[in-house]
Structures are given as structure tokens and as C-alpha cells.
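Everything on this sheet refers to the single structure shown next.
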Amino acid sequence: MNYWLIKSEPDEFSIDDLKNSPKRRTHWDGVRNYQARNFMRDDMRKGDGILYYHSNCETPGIVGIAEVASEAYPDHTAFDANDKHFDPKSDPDNPRWMMVDVRYKRKTRRLISLAELKQYDRELEGLALIRRGNRLSVMPVAKKHWDFILGLEEKKP
DNA sequence: GCCAACGTTGGC
DNA sequence: GCCAACGTTGGC
């Protein structure tokens, strides 16, 4: 079992939006970065744990837990000229972009902010999220980092 | 809103 | 294959 962190702008699709989705799940479309795609396509497995992260908002940070609910399959929004994430170079016969389904598990007891996570740069060394200039929207999380971050949930910020 | 960091594109 | 130009991400 692997662990992941996925980013979403709460104005676009928040943890509550996921929670309120039918069957509390959705397809994670719109990823248009090769490294992120490769993680989804090659390494994500059903049941993997996901830290749900809110980006580009007042206090960016981890707000919930989700899980991978499917293997990767073609991201059909890349073929839709009316879609925001349309990619004319993605051929339906040879799709360039993939996605997985994501299922809501729960919210974290509190928001674990990026600023707080950065204070533990020693414990979280190697976590892509806190590396400078990081822009990946799908990234792996080592089990020891997963455990450490969830341990923070019980602490005062 | 600013801007640093990064990924992608395309001319050469 | 190099690299300048450009577009995007995302913290602040």
C-alpha cells in the first residue's frame, strides 16, 4: 500500500465538494503534468491512502483523508474542446492523460498547514511538498511521513 | 496582486 | 540538442 498527497484549490474542488459527491467519490481529472500522471498511472493502487491538500487559498494545508478508488484510466476531459483542461494533442486512441477515482474518507480534526509542516523539515525530509519551488499536484508520501503527519493531528498547531 | 520557480514549446 | 520565451503554479 502506498501513500499520496493530492492538491486541490478549494474554490475549484474542496474536501467538502468531495464529501458531497455521489458515493463520496469523483474522478480526479485535469492533471496535466507528466510526473504527476506517471504516479497515477504507474504507482497508484486501489486502497492507497491520500492526504487531501488545499492549495492557492488563505491557509494552504492538509484538510482531509481520501483513498484511491480505481486504477488509472484515460482522462476523457482532455478530448473535450469545451473543457478547461482540453488538450488537442491527446488522441483518444492513444490518450496522453490519465486519472484515477478518489473516495472521501474523512476530514482531519484540524487543518495541518503548510507553514506547520515546514517547521518539521527534519522529520519530513524528502517530502516533495516542502521542497522549495515544488509544484507537483500529485506526489508520493513515505509511510513514515504519513504517520508523522497524522500524528500532528492530535497536537496543537 | 506579485513574483519566484518550474515545465513546456519551438526556433535555430 | 540548446535555450529563450512563454504560461502556469501557488505561496505570500
Using the six-membered ring wherever Trp is involved, compare the ring planes of A/Tyr3 and A/Trp146 and label them parallel, tilted or perpendicular (cut-offs 30° and 60°).
tilted
Length of the [atom1]-[atom2] vector between [X] and [N], whole Å:
X: A/Leu136; N: C/dT8; atom1: CG; atom2: P; value: 18 Å
X: A/Asn33; N: C/dG10; atom1: CG; atom2: C1'; value: 14 Å
X: A/Leu129; N: C/dT9; atom1: CG; atom2: C1'; value: 13 Å
X: A/Arg131; N: C/dG11; atom1: CZ; atom2: P; value: 15 Å
X: A/Asp11; N: C/dG10; atom1: CG; atom2: P; value: 14 Å
X: A/Asp87; N: B/dG7; atom1: CG; atom2: P; value: 18 Å
X: A/Gln35; N: C/dT9; atom1: CD; atom2: P; value: 15 Å
X: A/His85; N: B/dT8; atom1: NE2; atom2: P; value: 16 Å

Check every atom of [options] against the side chain of [X] and return the nucleotide holding the closest atom.
X: A/Lys7; options: B/dT9, C/dG10, C/dG11; result: C/dG10
X: A/Leu114; options: B/dT9, B/dG7, C/dC12; result: C/dC12
X: A/Asn56; options: C/dG11, B/dT9, B/dT8; result: C/dG11

Under 4.0 Å: is that the gap between some side-chain N or O of [X] and OP1 or OP2 of [N]?
X: A/Lys118; N: C/dG11; answer: no
X: A/Lys84; N: C/dT8; answer: no
X: A/Tyr53; N: C/dT9; answer: no

Which residue lies toward the 5' end of DNA chain B, A/Tyr34 or A/Arg132, if each is placed at its nearest nucleotide?
A/Arg132
Test log, rule side chain to side chain contact (heavy atoms under 4.5 Å, CB included), inputs A/Glu9 and A/His54:
CA-CA 5 Å; A/Glu9 301 189 15; A/His54 279 174; over 6 Å; no
Quick check: does any side chain N or O of A/His145 sit under 3.5 Å from a backbone N or O of A/Glu125, one acting as donor and the other as acceptor?
yes
Determine the minimum heavy-atom distance between A/Trp4 and A/Val68, stating which atoms define it.
CD1-CG2, 4.3 Å
Does any non-hydrogen side-chain atom of A/Tyr120 lie less than 4.5 Å from one of A/Ile130?
no
